[in-house]
Amino acid sequence: MNRMIEFLKFEDHNLQIQFMDEIKQHVRQLINDNNGCYVLLSCLENFDYKLCEYMKKHIEQSVYSMSQHTYGCRIIQFMLQKQYSQSLLDQIMDVSQQLCICEFGNYIIQFILKSNFKQQKMELFRIIKSNFQTLSYNKYGSNVVEVFLDVIEQEDIKFITNIMLNADLENNYLFVAFATHPFGNYVFKKFLQLDQQYIIPVLGIMKRHPEILQQINTSEYGQKIFSVVERSIQFI
């Protein structure tokens with residue numbers, strides 16, 4: 001199918017129309033299958049978008065199921081890039097919290113965080129801040145949190161710093177738990193790369209308490225980021 005699409009790309013427009021008329025009859029089945037989504041993505045990438053516009057309503061109705069596989073996510077991102085669609089954004093935001101921890105769906109959330117969709121970004125900021133530790137401790141959610149830390153403003157950095165200064169169940173600073181967690185350590189590493197003036201309370205504690213540095217360095221995951229930890233406190 002992909003070879004045929006590549007061939008038709010350079011053929012008469014009427015042949016493309018005939019091909020897409022045939023695809024149109026099976027779009028629902030194709031959308032619910034990873035290989036089928038690959039065919040649809042190839043159509044979107046190779047043909048005039050107007051020929052593929054009929055897919056839009058089917059995609060909007062299948063956001064969560066399409067987010068479960070690679071090419072479905074790529075289709076959704078393609079649609080967001082190609083043409084502003086409030087209805088598609090609304091469908092994504094309805095399941096945004098689930099997408100944050102979805103193997104492929106998290107890439108859609110990352111895409112929106114990096115985009116100019118201001119209203120949706122603000123809502124994602126709220127969701128991430130409200131579930132910061134839970135998402136940071138999730139394999140896929142931690143990827144979302146890392147992108148969030150790349151795009152946040154001053155007030156949000158202060159908010160995250162306060163989270164890091166909270167105590168965990170064992171009365172340790174929460175940032176130690178982040179630093180020594182299998183996925184949280186990536187988030188803490190990204191946190192240490194934020195504007196130093198806003199994270200100085202955390203840096204100061206590490207500087208004054210070598211036992212905390214030792215705890216991080218002797219843990220399986222903390223030792224992986226320890227060089228970043230050392231550099232961050234070097235000049236304070």
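Numbers for residues simply follow the sequence, beginning at 1.
Side chains of F175 and I205 form a contact here, defined as non-hydrogen atoms less than 4.5 Å apart. Between R231 and S227, some side-chain heavy-atom pair lies under the 4.5 Å cut-off. Side-chain contact between I108 and V63 is absent, with no heavy-atom pair separated by less than 4.5 Å. Taking 4.5 Å as the limit, some side-chain heavy atom of I160 sits within range of a side-chain heavy atom of F148. Side-chain contact between M20 and C43 is present, with at least one heavy-atom pair separated by less than 4.5 Å.
Atom CG of D12 sits in a crowded spot, with more than 12 heavy atoms from other residues, nucleotides or ligands closer than 6.0 Å.
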**Request:** Run the numbers on Q29 and D33 for side-chain hydrogen bond (donor to acceptor under 3.5 Å, both in side chains), then give the verdict.
**Result:** CA-CA 7 Å; Q29 298 99 298; D33 178 81; over 6 Å; no
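For E123 and R126, the salt-bridge test passes: some basic side-chain N is under 4.0 Å from an acidic carboxylate O. Ion pairing of K158 with E153 is absent here, as no side-chain N (NZ or NE/NH1/NH2) approaches a carboxylate O to less than 4.0 Å.
With F159 as the partner, the side chain to side chain contact (heavy atoms under 4.5 Å, CB included) test is satisfied by one option alone out of I163, T161, I157: I163.
If you take CG on L135 and NZ on K129, they are separated by 13.5 Å, rounding to the nearest 0.5 Å. Taking CZ of F191 as the start and OG of S136 as the end, the distance is 11.0 Å to the nearest 0.5 Å. Taken to the nearest 0.5 Å, the CD1 atom of I5 stands 10.0 Å off from the CD atom of E45.
No donor-acceptor distance shorter than 3.5 angstrom exists from the side chain of D195 to the backbone of Y198, with no hydrogens or angles considered.
For K139 and F183, the positive end is not near the middle of the six-membered ring at less than 6.0 Å and at most 45° from its axis.
A search for side chain to side chain contact (heavy atoms under 4.5 Å, CB included) contacts involving Q120 returns Q86, L89, M93, I112, F117, not counting sequence neighbours.
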